[in-house]
Amino acid sequence: MSTEIRTRFAPSPTGFLHIGGVRTALYNYLFAEKHKGKFILRIEDTDRSRSESRYSRAIMEGLRWLGLDWSEGPFYQSERGQIYEKAIRKLSEEGKAYRCFCSPKELAARGREAESRGEPPGYDGRCRELSSSESGRLEKEGRGYAWRIRTPESGAISFDDIIKGNITVDAATIQDFVLVKSDGGPAYNFACAADDSDMRITHVIRGDDHISNTPKQLLIYRALGENPPRYAHLPQVHGTDGKRLSKRTGAASLDEFREEGYLPGALRNFLALLGWSTSDAQQIFAPDELKEKFDLSGVGRSPGVFDMEKLRWINGKYIRETSPAELARLAAPWLLRAGILKSPEDIPERIIEALALEKEKFSTLSEVPEKIGFLLRDDVAYDPKAVSKRLEKDGVIDILTDIQNLLRETEDFSRENLEDIFRSYVEKKQLGAGKVFHPVRVAVSGQMKGPGLFELLEFIGRDKSVERIGYALKEYVK
RNA sequence: GGCGGCAUCGUCUAGCCUGGCCUAGGACACAGCCCUCUCAAGGCUGCGACACGGGUUCAAAUCCCGUUGCCGCUACCA
């Protein structure tokens with residue numbers, strides 16, 4: 001019988017969800033899904049002064065938006081005190097942890113001293129061999145204390161990382177680090193290992209900035225007498241400048257991507273590819289295809305740079321595959337803000353039609369208003385460049401006049417029929433198609449770019465088209 | 001400083017474990033062409049990389065050693 005795969009995402013609520021963290025969450029989710037296991041959410045809020053519940057809420061909302069639904073949790077470390085107390089009691093009884101009465105101030109001072117002497121800073125082991133009577137006396141004096149682990153003085157600690165391979169560290173380089181802080185709360189490594197153990201996590205998938213923590217956590221597992229999970233350390237994600245991803249290099253928090261108008265599916269697709277790939281280098285994945293194909297063996301070892309251009313490309317691909325009606329629903333917040341849409345509940349058919357005409361031109365949802373605005377406004381904004389290039393030319397006056405007359409008489413204003421009319425006119429007059437199409441396009445829309453001419457005319461309608469050509473003739477054509 | 005990690009086109013990467021099929025493949029971006037009424041989309045072509053130096057071998061991107069560079073940890077932060 002194979003054991004259930006259990007992964008977890010363990011953010012600390014000290015800020016908004018960073019895009020690197022999102023990728024970590026995604027890999028954990030995908031790995032668990034692929035193996036029909038569980039994906040657990042654990043909020044690491046042991047830093048009482050920096051943790052805020054609004055961040056926890058934002059993190060969860062972000063994960064839900066991305067579709068990374070967790071199967072257990074959220075568990076808050078701040079509510080799991082009994083777990084850590086029980087563990088520390090066991091360790092203390094077995095002599096694997098001890099109380100340290102040195103205050104942070106003293107520690108810092110001794111650390112600086114050691115450094116000035118050219119020695120490595122860090123804990124000097126002063127309280128390690130305190131007798132129980134001394135220890136009791138110090139406690140009665142009312143001195144605060146922290147719990148430290150008794151670390152081995154020699155030997156090798158090694159583990160086989162799924163991504164990085166075998167990693168070995170000399171135990172002597174690991175100090176007696178703090179397990180429980182003097183405020184009674186667990187320190188990171190302790191809370192993490194105690195929880196991973198308690199939650200029966202089978203695979204710890206996290207950023208490789210945690211590699212140096214792993215031996216410490218292994219030591220805790222060993223002291224607890226538990227079997228450690230498998231570890232998979234993901235390479236970091238950097239910005240274009242090679243540093244940690246930040247606002248300066250584009251965007252850093254999930255919310256920013258959401259506000260820019262990236263689709264959750266596109267972001268998942270992009271993030272999955274940032275560090276992972278299939279051997280055939282597939283770029284675009286259908287819904288649910290990621291969780292089938294994802295595999296930790298396809299994760300690379302080297303850090304990656306967040307490529308905004310590629311994200312835009314993927315997002316555009318996803319937008320092109322979205323139906324106009326769905327797209328209208330998704331773009332509603334931006335349309336609303338631009339004043340193009342009045343109510344998100346009631347999306348006019350006309351907006352959906354406009355979207356259908358311009359769909360392949362958006363990279364993000366935030367670009368939608370500016371790109372369909374010219375189709376929907378009543379007054380045409382004539383682009384000066386378009387006017388000078390396509391209207392202020394010889395022969396335009398005759399062409400527009402002819403076309404205006406033809407359109408005025410046209411009952412069937414469908415794109416197909418319009419095309420027939422234009423084609424036969426062009427043929428009859430022995431003109432190049434562009435010679436006719438371009439001025440009409442500008443006269444009717446004010447722009448040089450846009451949908452195909454016949455779709456454009458059909459969309460605008462006969463009366464408006466005729467009227468606009470008349471206006472252009474009067475105002476712009478010489 | 002110590003310890004650990006990483007190193008293929010500008011970017012994401014395939015290949016590395018199990019040397020030869022690699023005159024190093026794909027994707028984004030960029031350039032050109034095609035399609036075409038414009039802009040896109042799409043198609044095609046091009047540009048473009050094994051960090052450096054030694055070794056092992058008939059043969060190295062792939063194995064070994066060293067150098068360099070970048071990153072992380074070295075907290076009673078997580």
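Just so it is clear, the values below take in all heavy atoms, side chains as well, and ignore hydrogens, waters and symmetry mates. Below, chains carry the letters A, B, ... as their sequence lines are ordered, and counting in each starts from 1.
Residues of residues 422-438 of chain A having a heavy atom closer than 4.0 Å to RNA chain B, listed by number: A:R423, A:F437, A:H438. Residues of residues 271-282 of chain A that place a heavy atom closer than 4.0 Å to RNA chain B, in numerical order, are A:L273, A:L274, A:G275, A:S277, A:S279.
Residue A:C102 is classed as a base contact, given a heavy-atom separation below 4.0 Å to a base. Among the heavy atoms of the strands lying under 4.0 Å from A:S182 is at least one base atom, whether or not backbone atoms are also near. Using a 4.0 Å heavy-atom cutoff across all strands shown, A:H210 reaches at least one base atom of the nucleic acid. Using a 4.0 Å heavy-atom criterion, one finds that A:T46 contacts the sugar-phosphate atoms exclusively. Contact annotation for A:F454: base contact, defined as any heavy-atom pair under 4.0 Å involving a base atom. At a threshold of 4.0 angstrom between heavy atoms, the contacts of A:G452 include nucleobase atoms, whether or not backbone atoms are also involved. Looking at heavy-atom distances under 4.0 Å, A:L179 makes no contact with the nucleic acid at all. Contacts of A:R312 with the nucleic acid, taken as non-hydrogen atoms under 4.0 Å apart, are absent. In this structure, A:P451 reaches the bases: a heavy-atom distance under 4.0 Å links it to at least one base atom across the strands shown. Residue A:E309 is classed as a sugar-phosphate contact, given heavy-atom separations below 4.0 Å to backbone atoms only.
In this structure, the CG atom of A:L357 is 14 Å from the C1' atom of B:U38, given to the nearest Å. The separation between A:I149 atom CD1 and B:C76 atom P is 14 Å, rounded to whole Å. Between the P atom of B:C73 and the CD atom of A:Q217 lies a distance of 14 Å, rounded to the nearest Å. Atom-to-atom, CZ of A:F177 to P of B:A78 comes out at 13 Å; the value is rounded to the nearest Å. In this structure, A:K310 atom NZ and B:U11 atom P are separated by 13 Å, rounded to whole Å. To the nearest angstrom, C1' of B:C9 lies 13 Å from CG of A:D307. Separating the CD atom of A:Q77 from the P atom of B:C77 is a distance of 13 Å, rounded to the nearest angstrom. Taking atom CG of residue A:N213 and atom P of nucleotide B:A75, one finds them 11 Å apart after rounding to whole Å.
Remark: the separation of the P atoms in B:U11 and B:C77 is 38 Å, to the nearest Å. Nucleotides B:C34 and B:U13 place their C1' atoms 29 Å apart, quoted to the nearest Å. B:A41 and B:A27: their P atoms are spaced 16 Å apart (whole Å). The gap from the P atom of B:U18 to that of B:A24 amounts to 25 Å, rounded to the nearest Å. Across the P atoms, B:C70 and B:A31 are found 32 Å apart, a figure rounded to whole Å. Taking the C1' atom of each, B:G72 and B:G66 are spaced 23 Å apart, rounded to whole Å. For the C1' atoms, the distance from B:G42 to B:U36 is 12 Å, rounded to whole Å. On the C1' atoms, B:A7 is 10 Å away from B:C50, given to the nearest whole Å.
In plain terms, the two heavy atoms of A:C102 and A:Y123 that are nearest each other are SG-CE1, 4.3 Å. Nearest approach of A:Y84 to A:A194, heavy atoms of both residues: CD2-CB, 3.9 Å. Scanning both residues, A:G275 and A:R23, for their nearest heavy atoms gives CA-NH1, 4.1 Å.
A salt bridge links A:D198 to A:R80: at least one charged side-chain nitrogen sits closer than 4.0 Å to a carboxylate oxygen. By the 4.0 Å N-to-carboxylate-O rule, A:E52 lies close enough to A:R54 to be salt-bridged with it. Between A:E455 and A:K359 no salt bridge is recorded (no basic side-chain N to carboxylate O distance below 4.0 Å). Residues A:D196 and A:R42 are paired through a salt bridge, judged by an N-O separation under 4.0 Å between the basic side chain and the carboxylate. Between A:D402 and A:K429 a salt bridge is recorded (basic side-chain N to carboxylate O distance below 4.0 Å). Salt bridge present: A:R150 and A:E129 bring a charged side-chain N and a carboxylate O closer than 4.0 Å.
B:C35 makes up no base pair with any nucleotide shown, lacking Watson-Crick or G-U wobble contacts both under 3.5 Å. Using the Watson-Crick or G-U wobble rule with both distances under 3.5 Å, B:C6 pairs with B:G69. Partner assigned to B:U23 is none, using Watson-Crick or G-U wobble distances below 3.5 angstrom. The partner of B:C17 is absent, by the rule that a Watson-Crick or G-U pair needs both atom distances under 3.5 Å. Across every strand in view, B:U74 sits in a pair with B:G1 that passes the Watson-Crick or G-U test at under 3.5 angstrom. In this structure, B:U57 makes no Watson-Crick or G-U wobble pair, since no nucleotide meets both defining distances under 3.5 angstrom.
Side chain of A:N269 to backbone of A:Q283: a donor-acceptor contact under 3.5 angstrom is found.
Positionally, the nearest nucleotide of RNA chain B for A:M448 lies more toward the 5' end than for the other of A:S12 and A:M448. Both A:E360 and A:G298 lie near RNA chain B, and the one whose nearest nucleotide falls closer to the 5' end is A:G298.
Not a single salt bridge (charged side-chain N to carboxylate O under 4.0 Å, His left out) links A:R57 to another residue, sequence neighbours left out.
Judged purely by distance below 3.5 Å, without hydrogens or angles, the side chains of A:Y188 and A:N213 never pair a donor atom with an acceptor atom. The closest side-chain donor-acceptor pair between A:T364 and A:N315, if any, does not fall under 3.5 angstrom.
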So which protein nitrogen or oxygen atoms get under 3.5 Å of nucleotides 42-45 of chain B's nitrogens or oxygens?
from: B:G42; atom 1: OP1; to: A:K317; atom 2: NZ; distance (Å): 3.1

Below 3.5 Å between N/O atoms, which protein atoms pair up with nucleotides 1-5 of chain B? Just atom names and distances, please.
from: B:G5; atom 1: O2'; to: A:K164; atom 2: NZ; distance (Å): 3.0

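Put simply, A:K181 has a side-chain N or O that comes within less than 4.0 Å of OP1 or OP2 on B:C77.
Listed nucleotides B:A78, B:C6, B:A40 differ in distance to A:K361; the shortest reach to its side chain belongs to B:A40. When distances are taken from the side chain of A:K449 to each of B:A27, B:A40, B:C39, the shortest belongs to B:C39. In this structure, of B:A78, B:C37, B:C12, it is B:C37 that holds the atom nearest to the side chain of A:L453.
Cation-pi geometry between A:K293 and A:F285 is not met at under 6.0 angstrom from the ring centre and within 45 degrees of the axis.
Contact of the A:L456 side chain with the A:L375 side chain is registered, since non-hydrogen atoms from C-beta on lie closer than 4.5 Å. A heavy-atom distance below 4.5 Å is not found between the side chains of A:L91 and A:W147.
Classification of the A:F454-A:F437 ring pair by plane angle, with boundaries at 30° and 60°, yields perpendicular.
The ring-ring contact (aromatic ring centres under 6.0 Å, His included) pairs that include a residue from residues 153-175 of chain A are A:F159-A:Y231, where partners are two or more places apart or lie in different chains.
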